[in-house]
Amino acid sequence: MAEETLDAESKAPLTRSSSELTHLADLYRQMFLIRRLEEEAARAYSTGKIGGFLHLYIGQEAVGVGAIAALKKDDYVITTYRDHGIAIAKGMSSRALMAELYGKVTGCSKGLGGSMHMFDKDHHMLGGYGIVGGHIPLAAGVAFASKYRNDGRVTLCFFGEGAVSIGGFHEGLSLAALWKLPIVFICENNEYSMGTPLSRSMSVEDVSMKALGYGIDRDRFFCEDVLEVERRIGEAVLRARETSMPTLVEVRTYRFRGHSMSDPAKYRTQAELDEHKGRDPVHRARADLKTRGFVEARVAELEASVEAEVADAVKFAEESAEPEAALLAETTYDGPFAS
Amino acid sequence: MATRQLRYREALREAMIEEMERDPNVFLMGEEVGHYQGAYKVSEGMLEKFGDKRVVDTPIAESGFAGIGVGAAMVGLRPIIEFMTWNFSAVAFDQILNNAAKVRQMSGGQFSCPIVFRGPNASARQVGSQHSHAMEHFYATVPGLKVVAPAFPKDAKGLMKAAIRDDNPVLVMESETLYSVKGDVPDDLSDVVIGKAQIARPGKDVTLIAYSRATHIALDAATALEKVGISAEVVDLRSLRPLDEDTICDSVRRTHRAVVVHEGWPYGGVGAEIVDRIQRLAFDSLEAPVLRVTTLDVGMPYNAKLEQLCMPQTARVVAAVTKVVARGRA
């Protein structure tokens, strides 16, 4: 068994490389957890236990996990309706996520939000939003508050390349640049806004060029290695924290599933999908872990713990109660409606 | 208790200044609110008093700065977002409808949105088709929002303070045509609360229900009606959401007749909501159908005579009252 090996590793001096290895293992665990949670969510969706829309993050996990790894605990995150992975990476529990998908009162938003609206105040996860681009000015407002109070926090704002053509993106970046707000705008360019490829939705191929018009810094890279995502986003986070200047970062990625569960993704070829799956950042992280000395037994143990966590989350969601109607009034207004 | 004469705009300004002095999390943001001193001078002098950190001039980007306000409110600030006019809020509608009004429910009550959106609403004078909208009708239908529309300086001050202190999004509908109106403003405004209407003029033959500028039209009509022997009671709503149906229906139960007066089109809207409540809650007291005097069902023309024709007028209110009073009075 692996016990001897595990003991040997735990007794090893905490070198830079061993702490990096532990860190990579942590990031891999998060990515693997997100993937497994979403695979189970897709299964539950197909049996009608989850309703509405379900936009999966599968294929893009390394973007959210790597970016959020570059943050401090108190920093803020806000994203679109493709929000499960971001929420988990920011610290939301698997139970709260799965129960929300099931529409149960034990969900993060008491079953009132659903797949697209994952909020977790304790972890400074400011939610997923369903109107494309609408949350980008809102994110700038969160960063405005940080600057107003001088609290030293940074806001990460995620969106897809499909959001880059709508007004909210431009007004958000324009104001964040004008007022020098501590924010990082992360465009997860997964090549398709629903079924429309970037070549048919934008006049330029390089999304990061949009930063030029606002006079802010930009970065652009392929998401292959989660640690590289962390490092590159980390530079932008540092710029935001130390100089209160925003950055637009285009992270090129790919979603392995359709836009939502109802999308068979006929607008792309199997060969294209297979090519991207061959560069799966989750598999890459697993391989890197082993290359750097993480034994297979330890990886398997980590994955088993994820499987147990996912199974627990599903069981928890299945067994939880539905929200009562009394919740509707109290979540519509804070305090009495008529004072 | 001391009472002073203030203009409507001064009352609004005083409310904002007092609340900003009380709470450092309150700030004012909008187009021309600072260096220009406010497009309608509501925020005159506030930049000098509070500095550009708390009186923030914005570029022309309503969706952007409305969204900034919502985000800031979610993490604990208390923004006052000025729209130069409510007409321009149309491009920020998504921020108000989908974010300000919904974030509390979407988050299962984790986040609130203590924000004030304010500015002049409805017609001014010959500002034409795109600058004369009565926007309250669009917003008053949205759960999660509160909407107030003061007619007098006292209520402008009281409701603005209440709006800033409220933990929900509150939309304050002002009026360009009321900014210079003077009125008594007592120091004690504790009776001015969101959701409570007032009897602006007591009467016994018919109830006129109005708000904002239309309250003044209703009062003029009541004066004219008095000369022909009709005693009209004027209910000034002050708050459109929540709506004080008790005060409305109590009045109708006494007068047995009602006419609703407001700017904005006749299809749906606040007036139709009031008529629904009266027929449901005070049906047995009614001697006549409830009538509405509204802006005509067309866009607002520039021509001065046609503009007047389209807007609710005293003469149209008098005509409507004459109809409802004739009915059932054998």
Side-chain angles (χ1 to χ4, degrees), chain A residues 76 78 100 105 107-114 116-122 124 126-131 133-146 148-149 151 153 155 167-168 170-176 178-179 181 323 327-328 330-339, chain B residues 24-25 27 29 53-54 56 58-59 61-77 79 91-92 94-95 97-115 143-146 162 165-169 193-196 239 241-244 246:
Chain A
Y76 295 112
I78 186 164
E100 187 61 34
V105 72
C108 63
S109 297
K110 297 189 165 72
L112 306 181
M116 298 188 286
H117 307 305
M118 295 291 171
F119 287 77
D120 188 345
K121 192 172 187 179
D122 290 342
H124 311 292
L126 295 170
Y129 292 79
I131 308 297
H135 69 297
I136 299 177
L138 206 145
V142 175
F144 178 91
S146 285
Y148 187 95
R149 286 192 290 236
D151 64 12
R153 297 184 187 187
T155 298
H170 295 277
E171 295 192 26
L173 262 71
S174 172
L175 292 169
L178 178 69
W179 292 332
L181 302 180
L327 263 178
L328 295 175
E330 68 191 62
T331 54
T332 300
Y333 290 97
D334 190 339
F337 174 44
S339 45
Chain B
N25 288 322
F27 66 95
M29 173 180 279
K53 180 185 165 186
R54 300 183 67 196
V56 186
T58 68
E62 279 83 4
S63 178
F65 66 76
I68 284 204
V70 174
M74 282 174 65
V75 293
L77 298 187
V91 298
D94 174 57
Q95 289 299 336
L97 172 72
N98 278 309
N99 292 337
K102 298 295 162 51
V103 73
R104 183 166 166 81
Q105 191 192 50
M106 289 193 298
S107 67
Q110 292 180 79
F111 290 91
S112 293
C113 189
I115 191 169
L145 302 180
K146 297 184 181 183
R165 293 183 185 207
D166 202 285
D167 288 329
N168 299 284
V193 294
I194 295 171
K196 190 86 189 91
S239 172
R241 183 183 185 92
L243 186 64
D244 183 358
D246 290 345

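Residue numbers begin at 1 in each chain, while the letters A, B, ... track the order of the sequences.
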Novice: Answer with side chain, backbone, both or neither: which region of B:Val91 has an atom nearer than 4.5 Å to a non-hydrogen atom of chain A?
Specialist: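 Neither part.
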Novice: Under a 4.5 Å heavy-atom cutoff, which of B:Thr58, B:Asn99, B:Leu77 has the most pairs with chain A?
Specialist: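 Option with the greatest count: B:Leu77.
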Novice: With a 3.5 Å distance limit and no angle check, can you tell me whether B:Lys53 reaches the backbone of A:Tyr148 through a side-chain donor-acceptor pair?
Specialist: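 Looks like yes, one N/O pair under 3.5 Å.
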Novice: Between B:Lys146 and A:Phe337 (side chain of the first, backbone of the second, donor and acceptor by atom type, cut-off under 3.5 Å), is there such a pair?
Specialist: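 Yes.
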Novice: Counting only heavy atoms closer than 4.5 Å, note whether B:Asn98 contacts chain A via side chain, backbone, both or neither.
Specialist: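 Only the side chain of B:Asn98 comes within 4.5 Å of chain A.
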Novice: Quick check on the interface: out of A:Lys110, A:Met116, A:His117, who has the most heavy-atom pairs with chain B under 4.5 Å?
Specialist: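 Winner by heavy-atom pair count: A:His117.
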Novice: Name the region of A:Ala140, side chain, backbone, both or neither, that has any atom closer than 4.5 Å to a heavy atom of chain B.
Specialist: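 Looking at A:Ala140, backbone and side chain both touch chain B.
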Novice: State, with a plain yes or no, whether a side-chain heavy atom of B:Val75 is found less than 4.5 Å away from one of A:Arg153.
Specialist: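 Counting from C-beta outward, B:Val75 and A:Arg153 never come under 4.5 Å.
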Novice: In Å and rounded to the nearest 0.5 Å, what is the CG to OH distance from B:Asp94 to A:Tyr129?
Specialist: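 Output value for this atom pair is 12.0 Å.
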Novice: Any side-chain heavy-atom pair from B:Met106 and A:Ser109 closer than 4.5 angstrom?
Specialist: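 Sidechains of A:Ser109 and B:Met106: no contact.
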Novice: Atom CZ of B:Arg104 and atom CD of A:Glu330: how far apart are they, to the nearest 0.5 Å?
Specialist: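 The distance works out to 7.5 Å.
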Novice: Under 4.5 Å, counting heavy-atom pairs only, tell me which of A:Tyr333, A:Phe144, A:Phe119 racks up the most with chain B.
Specialist: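 Ranked by heavy-atom pairs under 4.5 Å with chain B, first place is A:Tyr333.
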Novice: Among the options B:Leu145, B:Asp244, B:Val70, pick out the one with the most heavy-atom pairs lying under 4.5 Å from chain A.
Specialist: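 Answer, by heavy-atom pair count under 4.5 Å with chain A: B:Leu145.
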Novice: Against chain A, label B:Pro24 side chain, backbone, both or neither, depending on which of its atoms sit under 4.5 Å from a heavy atom there.
Specialist: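 The backbone, not the side chain.
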Novice: Against chain B, label A:Leu126 side chain, backbone, both or neither, depending on which of its atoms sit under 4.5 Å from a heavy atom there.
Specialist: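 Both parts, heavy atoms under 4.5 Å.
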